[in-house]
Amino acid sequence: MKSLVVKISLIVAITLLAAWLRLPHLGAVNLYNDEYYQFETAVGQLKLGEWVRYDYYTEAAGKPYDRAKLFIYQVVGSLAVFGETESAARLPAAVWGIVLVPLVILGLLHTLKHPALAYLTGVVLAFDDFSIGLSRYVRMYSMLMVLSVALVWCVYQCLETHQRWKRLGYGLASSLLLVLSFIIFKELTLALVAAIGVYTTIRVVTFAITRQPADRAWTWFWIAGGIIAVVAVALTVAGMNVIPLDAVIVRTQPHWSYLLDLFVNWRLPIFAAGFCIIGSVLALKQLRGFLGYSAVLSLTVLSYFTFFSHRWDAQRYISIVTPLITLLTVVGMYATLRFLFALLPQPNWLRFSLVLLLAGFIGPWVSLTGVPGTDWLNRTAYADQSATELGYADMRTAYAYVANHVQPGEVVLMQGPRYYYWPDRTVPIMTLGGYKSLTLDEFKALAARGTGGSWVVYNTTHQRHLRDSIKLYLDKHYDYVGTLADTGVVVYHFTK
């Protein structure tokens with residue numbers, strides 16, 4: 001009973017820590033990047049009952065959007081209860097991000113029977129800024145992380161258990177999780193399924209060589225999966241987009257950022273990478289165990305997105321294996337510290353003190369919401385950072401400045417307008433298109449519509465959408481508004 005109380009207390013404490021780092025100040029930073037798509041779609045569904053992005057400038061239906069409906073329904077519910085705010089929109093992602101931590105701990109406690117690894121993995125995930133960021137982002141990735149971890153765990157349990165009813169239960173749970181994940185993000189789910197297929201193939205090969213009974217269930221699973229894969233490919237060739245075959249290419253320029261940015265939340269990333277390698281090697285020595293399974297899945301997904309994915313590199317695409325990579329890194333660190341502990345001289349209090357000091361020095365960065373960061377002890381918590389500190393544009397400040405200074409007869413030319421933050425719907429606004437679709441002559445024609453002058457506003461992280469000729473023209477003929485230089489938004493003004 002005492003052991004159970006301790007276990008529950010630790011899980012609750014780590015979960016509360018995860019909540020402390022994810023929930024506060026959800027609306028402090030304005031929406032950024034792709035958050036607008038799902039936020040505006042949720043508002044469109046709420047106000048108009050349609051899967052369209054709500055246009056705050058015209059107060060009417062905008063472009064259709066039908067991705068990740070399962071997650072957007074949750075955003076709709078949150079907006080309906082708490083209002084059309086950033087914090088309400090981000091709340092579902094935050095809840096999923098919090099749920100991830102105890103789910104991982106419970107799954108590892110059950111599977112590994114190694115409490116230290118389970119709790120340490122949960123703590124590292126709780127502090128992980130990448131996971132925290134996805135938990136404070138109006139997208140479906142934190143939900144997909146939970147579904148992916150649950151799917152990976154259920155498939156393993158289904159094929160490792162020897163009890164018929166448990167296998168049936170895990171099989172049904174796996175099927176349900178697969179469908180839900182497929183609805184959320186098909187390509188990432190297929191990448192995870194393919195990784196499971198790679199591991200299954202390895203188990204089939206070992207069965208062919210060793211004839212171990214433990215591999216038999218995986219062999220039948222491989223046969224069934226192979227039949228389904230052949231049918232799926234045939235349907236795709238026949239014209240049904242079951243599998244996006246164009247998603248796999250051979251990259252001439254690999255996306256090394258997937259590997260280089262894996263451990264940015266660790267004090268010494270090079271050490272963390274070493275721990276992950278050590279953990280993976282140790283895991284692969286136990287290929288039939290959950291650690292070996294985790295290593296194969298992680299390596300497969302990382303290899304795909306680094307060398308073969310058609311998508312541009314974004315770390316969130318490998319979020320489906322982030323908890324598994326965290327586990328492998330913790331395994332490597334734990335093994336290293338245990339090895340060093342054995343080398344240190346007695347007494348044990350000295351050993352423990354030195355090992356804990358070393359763990360604090362080479363482990364992940366610690367941050368606590370509301371506690372100022374330092375250069376050596378802790379970092380500023382994700383929830384305490386502003387939009388520009390996080391590397392995103394401060395649209396609120398920039399838009400408010402332009403709206404307050406625009407004069408009658410002037411027009412505002414925007415690249416990728418975020419109308420949710422635009423305070424004056426009476427000001428004429430022209431859009432500058434995307435992907436360099438606007439020519440210099442077309443830009444001049446838009447600017448000429450302002451009888452008194454024009455403003456040009458674009459996000460620095462999205463300036464690739466404007467042609468260089470337009471930016472050179474702005475530098476030569478427009479006045480740069482240096483007051484807004486720190487907002488991450490470029491603003492020019494021209495008075496006739």
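Residue indices begin at 1 and follow the sequence shown.
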### Task
Dump the intermediate steps for ring pair (Phe, Tyr, Trp, His ring centres under 6.0 Å) on W256 and F307, then the final yes or no.
CA-CA 9 Å; W256 297 114; F307 301 107; 5.3 Å; yes
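Using a cutoff of 4.0 Å between basic side-chain nitrogens and carboxylate oxygens, K63 and E40 are not scored as salt-bridged. The pair K47-E84 meets the salt-bridge criterion, with a side-chain N (NZ, NE, NH1 or NH2) lying under 4.0 Å from an Asp/Glu carboxylate O. Look at R136 and D129 and you find no salt bridge, because none of the NZ, NE, NH1 or NH2 atoms lies under 4.0 Å from a carboxylate O.
If you run side-chain hydrogen bond (donor to acceptor under 3.5 Å, both in side chains) between E35 and each of R139, R418, R90, only R90 comes through. Here the rule is ring pair (Phe, Tyr, Trp, His ring centres under 6.0 Å) with Y32, and of Y421, Y137, F39 only Y137 fits it.
For Y399 and Y401, the distance between ring centers is not under 6.0 angstrom. Aromatic rings of Y56 and Y419 (six-membered ring for Trp) have centroids beyond the 6.0 Å cut-off, not under it. Under the 6.0 Å cut-off for aromatic ring centres, Y334 and F275 do not qualify, their centroids lying 6.0 Å or more apart. Taking the six-membered ring for Trp, W51 and Y73 have ring centres closer than 6.0 Å. Checked against the 6.0 Å centroid criterion, the rings of Y36 and Y420 do not qualify as a close aromatic pair. Taking the ring centroids of Y293 and F290, they lie under the 6.0 Å cut-off.
Side-chain polar atoms of T374 and N378 form a donor-acceptor pair below 3.5 angstrom. Defined by atom type and a distance below 3.5 Å, a donor-acceptor pair is present between the side-chain atoms of T111 and W153. Side-chain contact annotation: Q385 with H25, donor-acceptor N/O pair under 3.5 Å absent. At a cut-off of 3.5 Å, with distance as the only test, no side-chain donor of R396 or T487 sits close to an acceptor on the other residue.
Around the CG atom of D34, the shell of radius 6.0 Å holds more than 12 heavy atoms that belong to other residues, nucleotides or ligands.
Across A387 and N30, no two heavy atoms sit closer than the pair CB-ND2, 4.4 Å.
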